[in-house]
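The next block holds one structure in the form of structure tokens; read it before the comments.
On a predicted model such as this, the values are computed, not experimentally measured, just so you know. In listed order, ligands and their atoms are each counted from 1.
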Amino acid sequence: MTTPKLVTANKFTTFNKNTAYVIPVTKKSDKLVIGANGIETSELTQIDLQSIGASAEFESLVRLPAPNGATYALVGVGTKSLNKDDLRNLGAAVSRKLASFKDVVFGFETSNADETAAILEGAALGTYVHNAYKGLTKGAEIKLQTVTVISAHKPTPASLNQIAVIAESVNLTRNLVNMPGRDLFPESLAKAVQNAAKGSGVTVQIWAEDRLTKEGLGGILGVGQGSSRGPRLVKLEYKPKVGKKHLALVGKGITFDTGGLSLKPSISMLGMNFDMTGAASVAAATIAIAKLQLPIKVTAWLCIAENMPSSTAQRPNDVIKARNGMTIEVLNTDAEGRLVLADGLSLASEAKPDYIVDVATLTGAVQIALGNQYAGLMGDQAAVDAVKAAAEEVGEMVWQLPLDKKLRGLIDSDIADIANVKMGNTAGGTIIGGLFLNEFVGNRAKGESDNIKWAHLDIAATAHNEGAAYGVIPKGATGSHVRTLVALAKQLG
Ligand code: BES
Ligand code: ZN
Ligand code: ZN
């Protein structure tokens, strides 16, 4: 599905059929009033807004007929001034509610180009629905072709292009993540990424099992060995003409996580097709970064496998060897994300990038700790600060958890260098996941220091929205944090 065309106009000209004109409703001394807008609304002054159910409540919406077969959409904007995040969310929610129109025109008087851009960005991000699998029944539909903001404050064409490129990347992530495991498996995910990267300036390498063996990627092979659909590693590279910094991204790409022989209970298995969100997100962000020609080198490593129980599956107590030579005792085959990332982080470290950010639906514990709107963020403080700043810039939510080194002893192994879990321990699960990953960055396993600044984003709770759509977040795959990664590349470049 494509995002609507984003347009700005200096002034209102005429009412058009099949078009909704968005008019702000606010309150002045306890009375509902039409807010400042650039649309012809003289006939609305006769109307008692209260009696038609209009409200100043943020994002409330009431429709009224307008001239020439057009529609007024009276939208509540509250009584306080709206910041960029509010405008983005409003642009999204209103466009989604009006998605049965061909055109939507916002008559809001924005006070600078960033505010205008925020409404348009919201419209592009908020008008996504997952209806690819509807058959005889009709799913939600988006008919919207154009969203216009009438304002004297216009974003530059480059800024509008950037919004469109990023929204397409977010939607690419959502499309991949929403696919059932039947259709999306390691080989098909790798191919889908390769297709999406065409023409972007990103080079793509796909490593199948023989290459994984040759490269010593015991984590990815171990997790993938139970599935008839073998694992893959995908390496994406974007090398700009200018730019000295190097950012490496690593993504967890489990196309379905049954838990393996440490099988998940049926209820916990639902939604585990989303377990490749990290890989899809870092791929989509890399493609957007390349399309925008940001001046920073980016290498992305997608660690892709299907975690299945079978006679060829890895067993609890198996010992595998990761790319960096570290041996891992697999006590729980359901803690598989850290096993594939062990290889990805080792590989990413070899080029000694300035920053490594890994993105993974790693632990159910992060939902218990932080709820459904914040991603867990851990790692080296400089990288954590950079990711925090980028997330703030784009209105995505992250929360730092302490990588408390005292917990590291919990995953000592009697027989290998490290264990992937401490059985029976549920405390601090997200932090323990982070401590495990830390061992595969640079030379840390050997106790040596390195110059890599590493951050880990645990997106297990934010990858997927089980409730109704809100703001820029649709139902299902959210595509959250792709925009953070692009903003990070922009800030570091
Ligand atoms: N893919 C899951 C994490 C997950 C849980 C993502 C819920 C989204 C929603 C991961 O592979 C997993 O199973 N983690 C275990 C770790 C445990 C065995 C230490 C978990 O969270 O239970
Ligand atoms: Zn798992
Ligand atoms: Zn998993």
Side-chain angles (χ1 to χ4, degrees), residues 177-178 181 184-186 189 219-220 222-227 231 250-281 302-309 313-317 328-344 358-376 401 407-408 410-411 413 418-437 456-467 476-478 480-481:
V177 174
N178 277 325
L184 196 78
F185 45 93
L189 173 55
I220 298 175
V223 174
Q225 74 186 47
S227 173
V250 181
K252 170 177 173 180
I254 302 299
T255 56
F256 197 83
D257 182 11
T258 63
L261 288 175
S262 311
L263 196 66
K264 285 182 183 294
S266 6
I267 187 112
S268 314
M269 214 183 283
L270 291 176
M272 282 303 138
N273 53 318
F274 294 131
D275 215 19
M276 35 56 71
T277 305
S281 304
L302 319 187
C303 309
I304 306 176
E306 185 175 45
N307 191 20
M308 297 294 269
Q314 65 176 346
R315 306 151 195 81
N317 289 119
I328 307 168
E329 187 183 12
V330 180
L331 293 180
N332 188 330
T333 63
D334 195 13
E336 84 298 339
R338 60 198 72 183
L339 303 179
V340 301
L341 291 173
D343 286 338
D358 77 74
V359 185
T361 47
L362 204 72
T363 65
V366 77
Q367 184 180 31
I368 312 287
L370 300 178
N372 282 313
Q373 298 202 18
Y374 283 85
L401 296 173
L407 298 181
R408 168 62 184 80
L410 289 171
I411 43 175
S413 162
I418 195 168
N420 73 334
V421 297
K422 163 83 176 165
M423 284 308 270
N425 175 77
T426 52
T430 305
I431 294 170
I432 292 172
L435 287 169
F436 180 94
L437 297 180
H456 159 55
L457 263 178
D458 191 334
I459 59 164
T462 52
H464 176 217
N465 171 30
E466 283 174 23
T478 61
S480 290
H481 310 297

Any sub-3.5 Å donor-acceptor pair from [X]'s side-chain atoms to [Y]'s backbone N or O?
| X | Y | value |
| --- | --- | --- |
| Ser480 | Ala463 | no |
| Arg338 | Asn420 | yes |
| Asp343 | Gly219 | yes |
| Thr258 | Asn307 | yes |
| Asp275 | Asp257 | no |
| Asn178 | Ala477 | yes |
| Ser227 | Met308 | no |
| Ser413 | Ala419 | no |
| Asp458 | Leu362 | yes |
| Ser262 | Asn332 | no |

| query | Purely on distance, is any nitrogen or oxygen of Gly364 under 3.5 Å from one on ligand 1? | reply | yes
| request: Compute the shortest N/O to N/O distance between Thr363 and ligand 1 and return yes if it is under 3.5 Å, no if not. | output: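 By distance alone, the answer is no.
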In ligand 1, which numbered atoms sit nearer than 4.0 Å to a non-hydrogen atom of [X]?
| X | value |
| --- | --- |
| Thr361 | 1 (N), 2 (C), 3 (C), 6 (C) |
| Asp275 | 1 (N) |
| Glu336 | 11 (O) |
| Lys264 | 2 (C), 12 (C), 13 (O) |

Which atom, among the N/O/S set of [X], is closest to the Zn ion (ligand 3)?
| X | answer |
| --- | --- |
| Asp275 | OD2 |
| Glu336 | OE2 |
| Asp257 | OD2 |

So which heavy atom in the protein is nearest [atom], and how far is it from that ligand atom?
| atom | value |
| --- | --- |
| atom 2 (C) of ligand 1 | Asp257 OD2, 3.5 Å |
| atom 12 (C) of ligand 1 | Asp334 O, 3.2 Å |
| atom 16 (C) of ligand 1 | Arg338 NH2, 4.1 Å |
| atom 6 (C) of ligand 1 | Ala460 CB, 3.6 Å |
| atom 18 (C) of ligand 1 | Asn332 ND2, 3.4 Å |
| atom 10 (C) of ligand 1 | Leu362 O, 3.3 Å |

| field | Non-hydrogen atoms of Gly429 and Thr363 that approach each other most closely | value |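 For Gly429 and Thr363, the tightest heavy-atom pair comes out as O-CG2, 3.7 Å.
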| Residue Lys252, metal the Zn ion (ligand 3), N/O/S under 2.8 Å |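 Here the distance criterion (N, O or S atom, under 2.8 Å) is met by Lys252, so yes.
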| query | Taking it one step at a time, do His464 and Thr361 satisfy side-chain contact (heavy atoms from CB on, under 4.5 Å)? | reply | CA-CA 10 Å; His464 176 217; Thr361 47; over 6 Å; no
| Does some non-hydrogen atom of Asn307 fall short of 4.0 Å from ligand 1? | no
| Among Met272, Met423, Lys252, which one has a heavy atom closest to atom 4 (C) of ligand 1? |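 Selected option, by shortest heavy-atom distance: Met272.
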| message | Can you tell me which portion of Val421 lies within the under-4.0 Å heavy-atom range of ligand 1? Options are side chain, backbone, both, or neither. | response | side chain
